[in-house]
K.L.:
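Shown below is the structure under consideration.
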Protein chains: 2
Amino acid sequence: MKAATIRDVADRADVSVASVSRVLTGAGPVTETTRKKVMEAVDALQYVPHSGARSLSTSKTQTIGVILPDLYGEYFSELIRGMDVGARALGYHLIVSSSHDDAEEASAAIRSMRGRVDGLIVLSPHLDAANLATSLAGRLPILLMNGGADAGRPSIVVDNHGGAVQAVEHLIATGRRRIAHISGPTGNLEAESRLAGYLEAMARANLPTTVVEGAFTQASGHQVGAELAARSERPDAIFAGNDMMAVGAMLALQDAGLSVPEDVALVGFDDVPIAELVRPGLTTLRIRIADTGRSALERLVRLVDAAGAPADTACEVVRPELVVRPSSDPAAQARTTSGDRPRDSASLPHLKGENPQ
Amino acid sequence: MKAATIRDVADRADVSVASVSRVLTGAGPVTETTRKKVMEAVDALQYVPHSGARSLSTSKTQTIGVILPDLYGEYFSELIRGMDVGARALGYHLIVSSSHDDAEEASAAIRSMRGRVDGLIVLSPHLDAANLATSLAGRLPILLMNGGADAGRPSIVVDNHGGAVQAVEHLIATGRRRIAHISGPTGNLEAESRLAGYLEAMARANLPTTVVEGAFTQASGHQVGAELAARSERPDAIFAGNDMMAVGAMLALQDAGLSVPEDVALVGFDDVPIAELVRPGLTTLRIRIADTGRSALERLVRLVDAAGAPADTACEVVRPELVVRPSSDPAAQARTTSGDRPRDSASLPHLKGENPQ
DNA sequence: CTGTTAGCGCGTTCAA
DNA sequence: TTGAACGCGCTAACAG
């Protein structure tokens, strides 16, 4: 009734467990006859190695843990998707752990990963967690993606500041002057960098600033958008801290009878898949999200394999690219689909696949 | 340099490993003094139990594996999100494995899960995989969600047929007659059930049918939508096999200068988050995706805990609910955001959270 | 080339 | 109440 173990196979094949192991792992010298005997026993017993036991003995789990605050929205799911693609390619598994509201929870999650994973990718935006991570995990390779340019530690950050500057400069170049910013939540590092970029670019152009705080959600974008639309000094452009808020704002503006981009131009950040599906298509700063996720995973695996080699403590910077769509420029070609979005390397062919949804 | 083990803690606390274990697991009688000594040693050494080793000894991993064909699109990511919420609540981890193009790969993935998980949720649409699953996994509890009403095995299926009938009847009731269907890919069970529902409802109403095959992707929906828009006998309504294709078709129709719903009414399936963000809002059949994912996980965990109890082999049916939005009925209130979408139980408060994206 | 044996880190009997 | 010893299933030395 119970699953067969390596010992069962050995008995049935009339060899030692060591031989079975050799055959299955491909390591060590084995006679063709023994190999055959083993293989026969294996599929007679439907034997499948117990990866948990193997992990204990090799101290390699072939699994990467991903700690993130949330799985809500397209940003994180795209990221996970990219990581998953990379993991598969490298023979790794992915164990995700999300919904960590505070640093406490996040570090508990990290702790519970010991003995379960070979490395960790941490996206928790909590500063503390980043520090806790290294101490708690105890020599577990960690790749930080929490937005803080954590120099001296392997990490990947988006150039949020630079991206924001690009956004504002684009709006200015297309004739906008009253440019408002819907920021992400206070305390979020990404949000603060984007805000700083906005402020800097506006100051450089000698323009007055308007900042309203959102929460990186579509609902908050909608709320703030409605509020801005109702102001007497209505802005003629809005730079939202991310695409979800931009989409929310777009709908609010349209509900208020305003036209995008004629009355108000709109720019988001991230280039999530939705960005090109809304009407008008949303101008945004493209992060190749899935690709970033994939390369993050690959880098971590490299880190795991290197185990103690000349430390890779670089802080890789991802530079977002401005993608102009009709939400900020009526002249932008309003390609509707699968047009301006390049197939990223983390994508698989889907046109005729067997994917169910 | 290396992480401390239970033995290190025992030595430092000057007790046996058994006592340390008792203190940490909370099982067995322990003196207050020993407990204190142990705890001191624990945080002096920053000790964290090795969950892999614990799993081997207890033969419980506290981990659930999820096998799915793809992570692309909002359907699966919502599902995963719901599962993750449930997992956290129950103290379980989630290990995801996707991108299985064929049954071969899928079963390999399942096999590699042995010793790594306590149970499996399988969403692979490959018929074979479903059967292989039970044989390969060897007494590993499995919950099937692959669309086939696999009676006699624990499973959850969506009433695709019934949902499709609802969609068609709604379109007929609002005066449409030339109703076309963009189906999902052949061989996909969900797609075929929806197609069957469409055909049946149309036959019952004595209406001629038009079916074009898509691939459940937005790109394929766009392609088919453009093709339908160009036909001389243009349909006055389209029922798409899922929301992503419906969105693609909507954009294609609009690109062709047609108005939705005046010229062509549109109905999708799934009610992914995007459905209420496009303009006009998309009429669809709501599956509470995250909730479904969450309850799936909870049920599997119950199955794991039951281990051999009176078998739960029920085939739970999720009945989709028609949500009418402007894409099929101009009179439908065009609420823009966070309006008609109820907060599912798998949701967390986000309005003012610290989620970074 | 093969078999024996010692761990991997922890939970858990069973005596004491 | 505590500790010593065994086993979880497997890999990797080391003999043979």
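Predicted model, so just to flag it, every value in this text is computed and none were measured.
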K.L.:
Rounding to an integer number of Å, can you tell me how far Arg116(A) CZ sits from dG9(C) C1'?
P.N.:
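Atom-to-atom, Arg116(A) to dG9(C), this comes out as 14 Å.
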K.L.:
Flag the pair Glu78(A) and Arg81(A) as a salt bridge only when some basic side-chain nitrogen lies within less than 4.0 angstrom of an acidic carboxylate oxygen.
P.N.:
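Looking at Arg81(A) together with Glu78(A), the answer is yes, because their closest N to O distance falls below 4.0 Å.
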K.L.:
Below the 4.0 Å mark, does dG3(D) have OP1 or OP2 next to a side-chain nitrogen or oxygen of Ser19(B)?
P.N.:
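Yes.
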K.L.:
Identify which one of Thr292(B), Val66(B), Val96(B), Leu300(B) satisfies the side chain to side chain contact (heavy atoms under 4.5 Å, CB included) criterion when paired with Met83(B).
P.N.:
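It is Val66(B); the other options fail the test.
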K.L.:
Which residues in residues 28-44 of chain B have at least one heavy atom lying under 4.0 Å from any atom of DNA chain D?
P.N.:
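Only Pro29(B), Val30(B), Thr31(B), Thr34(B) qualify.
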K.L.:
Determine whether the side chains of Asp118(A) and Thr61(A) contain a donor N or O and an acceptor N or O closer than 3.5 Å.
P.N.:
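Result is yes, a qualifying pair exists.
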K.L.:
Please determine, by modelled atom types, if Arg116(A) and Thr63(B) share a side-chain donor-acceptor pair under 3.5 angstrom.
P.N.:
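Side-chain D/A pair, Arg116(A) to Thr63(B): present.
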K.L.:
How does each nucleotide of nucleotides 7-13 of chain D score, in 5' to 3' order, for protein heavy atoms under 4.0 Å: base (B), sugar-phosphate only (S), or none (-)?
P.N.:
BBBBBBB
K.L.:
Tell me every residue that passes side chain to side chain contact (heavy atoms under 4.5 Å, CB included) with Ala89(B), counting only those two or more places apart in sequence or in another chain.
P.N.:
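For Ala89(B), the residues satisfying side chain to side chain contact (heavy atoms under 4.5 Å, CB included) (neighbours in sequence not counted) are Arg294(B).
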K.L.:
Tell me which donor-acceptor pairs under 3.5 Å the side chains of residues 27-34 of chain A have, and how far apart each pair is, sequence neighbours excluded?
P.N.:
{"from": "Thr34(A)", "atom 1": "OG1", "to": "Thr31(A)", "atom 2": "N", "distance (Å)": "3.3"}
{"from": "Thr34(A)", "atom 1": "OG1", "to": "Thr31(A)", "atom 2": "O", "distance (Å)": "2.9"}

K.L.:
Which angle, to the nearest 10 degrees, lies between the helix axes at the two ends of the helix from dC1(C)-dG16(D) to dA16(C)-dT1(D), each defined by five pairs?
P.N.:
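That helix gives 50° between its end axes.
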K.L.:
With a 3.5 Å distance limit and no angle check, can you tell me whether Ser59(A) reaches the backbone of Leu56(A) through a side-chain donor-acceptor pair?
P.N.:
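Not a single qualifying donor-acceptor pair exists.
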K.L.:
Does NZ in Lys60(B) sit with more than 12 non-hydrogen atoms of other residues, nucleotides or ligands closer than 6.0 Å?
P.N.:
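Correct, the count exceeds 12.
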K.L.:
Tell me which donor-acceptor pairs under 3.5 Å the side chains of residues 8-22 of chain A have, and how far apart each pair is, sequence neighbours excluded?
P.N.:
{"from": "Asp8(A)", "atom 1": "OD2", "to": "Thr5(A)", "atom 2": "N", "distance (Å)": "2.9"}
{"from": "Ser16(A)", "atom 1": "OG", "to": "Ala18(A)", "atom 2": "N", "distance (Å)": "3.4"}
{"from": "Ser16(A)", "atom 1": "OG", "to": "Ser19(A)", "atom 2": "N", "distance (Å)": "3.4"}

K.L.:
Donor-acceptor pair, Ser124(A) side chain versus Pro69(A) backbone, under 3.5 Å?
P.N.:
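No: the side chain of Ser124(A) does not pair with the backbone of Pro69(A).
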